[in-house]
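Structure record follows, encoded as structure tokens.
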Amino acid sequence: MIFGAIMDKNLYAKRVVELNNLPVDEGGKCVIYWMQRSQRATDNPALNSAVNLANDLGKPLLVYFGLFDVYPMASVRVFKFMLEGLKEASAALIDKGIPFLMRREMPPEGIVRAAIEFNACAVVVDEDYLNIGRSWRKIAADRLPVRLIQIDAETIVPARITHKEEWGAYTIRPKILKALDQYMTDIPDSSINHKLRLEPGNSIDLSTVDPLTLANSLDVDQQVTPTPHSIGGLSEALSRLERFIREGLPRYSDEKNDIGVSVSSNLSPYLHFGQISSLRTALAVQDADAPGESIDAFLEQIIVRRELAINFCLYNNRYDSLDAASDWARRTLDAHRTDERPELYLLEELESAQTYDQLWNAAQLELVRFGRIHSYMRMVWAKNILVWSPTPEEALSQAIYLNDKYALDGRDPNGYANIAWCIFGKHDRPFAERPIFGKIRCMTSEATMRKTHWRNYIKP
DNA sequence: ATCGGCTCGCGCAA
DNA sequence: TGCGCGAAGCCGAT
């Protein structure tokens, strides 16, 4: 069995899920890597798996990407950023002798057409852990004429070392740490044996296309415009990583919760689109010359917390709903449904930053203008939405709407887990009971003003 | 400035 | 069955 052979010799056994029972067609002409989430040409377990399979079969590899704009919260902002990253990734792939096929179509339909058109032996796809991607892969698995193999390529420790939704960081942390030594190692990129100068017909050629022009031509929200100083792609991610290690990391542990200073890596959008791998980032930080406290604090974020968020979305497909709340959280929020709110804002009032709270307004403006909110302030931001909404359900959907619409890293497991933590105490524990919050951990703008250099945050 | 209490339930030790 | 402890808090007492 050919696939068994690649599983034995690669390091990815726990990352593999076969999405259908069809055979690998050894008489086919190529292997196709259906790129979705892991939009990079290096440090990519899904790409490496596809290359290894192609080499075993003695075939070339083709990368397929379906550009689909009829997508919730699709905007010029995120498409420009994504296309900049894809432009760099496709050039790197072509350099390696792997043609890049990009078509504007619905991905699960496009991959089936491409597999037939190019006579694929098998298709390898990366995993995004979210519902839309899951439903697309299901469609493709049912319609492809050959095997569809899914690779978990965004985690450092494979998500399937645990087989259930974890209760909190403290339950997943020991499992991750136990396996971490094995996975915190640099794995060289596989190189393709059979390089092919395939000229895929009807492909968008990113080498000759301006990402912004292409993004503008799509059927996406034109009101959410590109953010200043954000250029997608691995080069920019690596330069941010280097700057972070030099300037932010040394102060990370002490100052990460002060909204008046910026010690964050700002790599989240690059991680969201898979333009840089979390393993590459974690290895660089681990080896950095910085206080151990700061290194540990950052690794906790990029490994434990990030992979807890992935675990949440992987094992709970209600990750964007109050259905995902634990019993104690639902009970306590229910008990406070009729508590009087200081103000009830409409979505439009929130969106345009017109609340009585100047700190919250500043956070909302940061989101609209820069596509992000300071990591500490983002919690205060979401907690306030709970206070100003008629129901927890409404608060949840408004927070998710605003985050997914404006954040460059929207529609990400991190975002859903973060908002779930804020609104309904996911992965958290109960605290002293208060109005509206019940036993959900309370955070307020007033307390944040007492504790941090907030004036630096508010000033324009 | 620092500290305890608040409050639930998982997971492990026993 | 008991017990320790947990993402980032808040408040009030000392």
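Just so we're on the same page: letters track the sequence lines, and every chain starts at 1.
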key: A:Arg434 vs C:dC11: side-chain N/O to OP1/OP2 distance below 4.0 Å   = yes
query = Does A:Arg450 make a side-chain N or O approach to OP1 or OP2 of C:dG9 shorter than 4.0 Å?
reply = no
ask   = Within the structure shown, what part of the strands sits under 4.0 Å from A:Phe431 by heavy-atom distance: base, sugar-phosphate, or nothing?
value = base
ask   = With side chains defined as the heavy atoms from C-beta onward, is the minimum distance between A:Tyr457 and A:Glu366 less than 4.5 Å?
value = yes
query = Has A:Lys439 got a side-chain N or O lying under 4.0 Å from the OP1 or OP2 atom of B:dC8?
reply = yes
remark   = Checking N1-N3 plus N6-O4 or O6-N4 for Watson-Crick, or N1-O2 and O6-N3 for wobble, each under 3.5 Å, the partner of B:dC8 is C:dG6
key: Length of the CD1-P vector between A:Ile303 and C:dA7, whole Å   = 16 Å
ask   = Tell me: CH2 of A:Trp328 to P of B:dC6, nearest whole Å?
value = 16 Å
query = Could you state the CD-C1' distance from A:Glu166 to C:dC5, rounded to the nearest angstrom?
reply = 16 Å
ask   = Does C:dA7 have OP1 or OP2 sitting under 4.0 Å from an N or O in the side chain of A:Lys383?
value = no
remark   = From NZ of A:Lys451 across to C1' of C:dA8 the rounded distance in Å is 7 Å
key: Spacing between A:Phe312 atom CZ and C:dA7 atom C1', to the nearest angstrom   = 15 Å
